[in-house]
There are 2 protein chains.
Amino acid sequence: MEYRRIKEQDKDGEETDDVESLLGGKSASLSTGSINNVIALGPSSSELSKWKRKSIVTLALTVLTSSQAILIVWSKRAGKYEYSVTTANFLVEALKCAFSLAALARIWRNEGVTDDNRLSTTLDEVSVYPIPAALYLVKNLLQYYIFAYVDAPGYQILKNLNIISTGVLYRIILKKNLSEIQWAAFILLCAGCTTAQLNPSSDHVLQTPFQGWLMAIVMALLSGFAGVYTEAIIKKRPSRNINVQNFWLYVFGMVFNAIAILVQDFDAVANKGFFHGYSLITVLMILNHALSGIAVSMVMKYADNIVKVYSTSVAMLLTAVVSVFLFRFHLSLAFFLGSIVVSVSIYLHSAGKVQRQQ
Amino acid sequence: MEYRRIKEQDKDGEETDDVESLLGGKSASLSTGSINNVIALGPSSSELSKWKRKSIVTLALTVLTSSQAILIVWSKRAGKYEYSVTTANFLVEALKCAFSLAALARIWRNEGVTDDNRLSTTLDEVSVYPIPAALYLVKNLLQYYIFAYVDAPGYQILKNLNIISTGVLYRIILKKNLSEIQWAAFILLCAGCTTAQLNPSSDHVLQTPFQGWLMAIVMALLSGFAGVYTEAIIKKRPSRNINVQNFWLYVFGMVFNAIAILVQDFDAVANKGFFHGYSLITVLMILNHALSGIAVSMVMKYADNIVKVYSTSVAMLLTAVVSVFLFRFHLSLAFFLGSIVVSVSIYLHSAGKVQRQQ
């Protein structure tokens with residue numbers, strides 16, 4: 001029954017606004033993952049549709065992450081951050097909540113309320129949702145302390161440890177195997193991204209004191225754990241509508257970001273007001289962060305953390321290339337070499353699939 | 001018959017001075033490559049002995065190339081090059097000739113003169129030997145002109161194009177297949193070596209004019225072609241003693257280096273004398289070059305150009321690490337990243353073998 005509904009969808013031909021249809025309706029197709037695994041032995045049309053969906057969310061994430069970085073550069077060029085970052089983060093979570101509710105409203109109108117798309121939940125289901133938000137909060141608080149040991153460009157370089165931590169935790173927590181070739185590809189991805197970000201002052205990173213390394217590793221583990229744990233939560237109930245899952249994730253995101261406002265920016269917000277220093281760029285950045293946050297959830301649902309890491313790494317490279325045209329950036333030789341290594345890594349990740357024991 | 005002789009050698013147990021025995025006697029085992037391919041289906045003891053020999057020559061090349069680079073740094077620290085490089089090159093060829101003759105003399109004494117180890121040759125056999133020496137001469141002459149477009153550190157970086165040209169020509173001329181994973185590994189080797197050599201002024205390379213790139217590519221092709229052609233010559237007659245093959249290669253090396261002296265350094269040599277500016281370091285460098293030249297030939301005979309490229313790349317990395325202790329060099333972050341990429345490349349080269357269709 002479920003299977004037949006997907007077949008019918010495929011007959012509709014090209015979907016003109018795939019991303020919107022993913023965000024909004026057609027949630028029926030989401031529940032068929034496990035069924036397909038049983039029924040479809042070859043690359044059937046439902047496999048093709050899954051592949052299409054996976055590609056679209058990955059592409060959306062890549063484009064949104066690139067434009068996000070470009071907006072950050074733009075906002076830096078336009079002047080200093082005048083607004084408080086914690087209020088902006090809170091608004092991002094609130095906006096994502098609103099988007100999820102709007103998508104759900106449309107689904108309820110079209111398909112009625114079912115067990116899979118109703119908002120009400122059990123304590124058993126909802127109890128795990130605060131964990132990723134809490135992990136991100138701890139990570140963001142740590143971020144203030146790591147700058148005592150590392151400067152900002154150094155921190156950008158150490159952040160690439162995320163790639164390795166995500167891979168390791170993905171293996172341990174989700175118990176999914178990567179082939180040896182894919183592990184090699186993952187190490188290359190980390191080395192390639194770091195190489196692409198090298199600049200003449202990068203060598204300072206090697207002088208990072210032990211505490212700095214420790215914090216960078218803890219932060220990479222927190223961030224990797226939050227990502228992998230989110231995937232585990234979302235995939236635990238494959239038939240549950242992604243917008244409901246997002247709604248609950250983002251509600252706790254709002255709660256924890258409210259805590260961050262209280263801890264870090266209470267005085268500034270109380271004296272100058274919540275929206276002090278907001279500009280058009282700030283609004284665009286918040287909108288972009290909200291959309292890329294949703295894209296990340298979609299990638300977790302329809303693909304996995306590995307795809308997410310590759311997607312954001314490619315976005316980093318794309319950003320640099322686009323910045324050449326927008327901001328007259330110069331690409332370094334290190335950037336070219338890093339890009340080559342990342343490209344080979346992507347090839348090896350897919351070539352390594354053949355070997356994987358399933 | 002040939003096969004049995006190898007088996008008997010293996011029974012002798014551990015060879016105490018493998019490198020010398022390779023340079024000297026036991027030439028009978030050289031002729032069995034093709035026989036083994038037919039007889040031995042599994043990793044037999046002769047396979048093991050071949051593997052051992054391959055490892056020893058590879059290790060020798062790596063160590064010699066590393067110490068070569070260290071001698072160059074040492075000589076630079078001690079002062080400028082006072083001697084003429086062409087006379088040193090000539091002496092290297094002469095010394096290699098002498099070593100080959102000495103090794104042959106020992107073999108003749110022990111085993112008598114056979115068809116495989118006699119020095120006299122046919123025009124058919126000897127006619128191809130001048131080609132590698134001529135190619136190197138053209139490449140060395142071009143080297144003087146490329147510095148009009150690229151500075152010395154830039155040239156060091158562009159020299160890594162050799163890696164790619166060797167891979168491509170190895171595939172085309174020797175018609176040996178590399179698997180897709182091995183090709184990916186080769187691209188990584190080139191990117192990794194270049195990354196490891198990056199320094200703050202490396203970005204100049206990107207401003208290299210078109211003529212500079214063209215010359216760098218032509219030089220890479222000449223050098224790659226010379227290497228691959230040497231392997232083709234040496235492997236064409238597997239049963240021929242390597243020392244005879246070396247003798248003829250080096251005789252033509254002497255001839256072409258004599259031409260180089262006449263073209264480039266005639267005045268200096270005529271006025272100041274052949275050995276002007278020679279020091280202890282110069283002598284050590286000549287000795288080292290001669291030994292590593294012989295190691296290269298051995299690698300061509302018992303392994304191949306791909307092994308040679310990996311061996312010299314690892315030597316480059318080793319040199320940097322040793323220089324930290326000898327000359328208090330600082331290793332850059334780029335060096336670490338490049339070393340990681342090279343290490344993964346080595347792993348992939350061997351992992352890629354499994355896939356190769358034979």
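FYI, side chains are in, hydrogens and waters are out, and symmetry mates aren't considered; it's all heavy atoms of this structure. Residue numbering restarts at 1 for every chain, and letters A, B, ... go by the order of the sequence lines.
With rounding to the nearest 0.5 Å, the separation of CG in L206(B) from CZ in F335(A) is 11.5 Å. Considering OG1 of T195(A) and CZ of F336(B), their distance stands at 13.0 Å, rounded to 0.5 Å.
The contact between V341(A) and chain B is made by backbone and side chain atoms together, counting heavy-atom distances below 4.5 Å. When heavy atoms are compared at a cutoff of 4.5 Å, L331(A) approaches chain B solely by way of its backbone atoms N, CA, C and O.
Closest approach of A351(A) to I181(B), counting heavy atoms only: CB-CD1, 4.2 Å. Closest heavy-atom contact between A191(A) and I340(B): CB-CG2, 4.2 Å. Nearest heavy atoms, L333(B) versus S202(A): CD2-O, 3.9 Å. Across all non-hydrogen atoms, the minimal contact from L348(B) to A184(A) is CD2-CB, 4.0 Å.
For the pairing with L337(B), the side-chain contact (heavy atoms from CB on, under 4.5 Å) check across N160(A), L198(A), L337(A) returns one residue only, L198(A).
Residue-environment remark: NZ (K159(B)) stays at or below the threshold of 12 foreign heavy atoms within 6.0 Å. For Y145(B), the OH atom is loosely surrounded, since the number of other residues' heavy atoms within 6.0 Å does not exceed 12.
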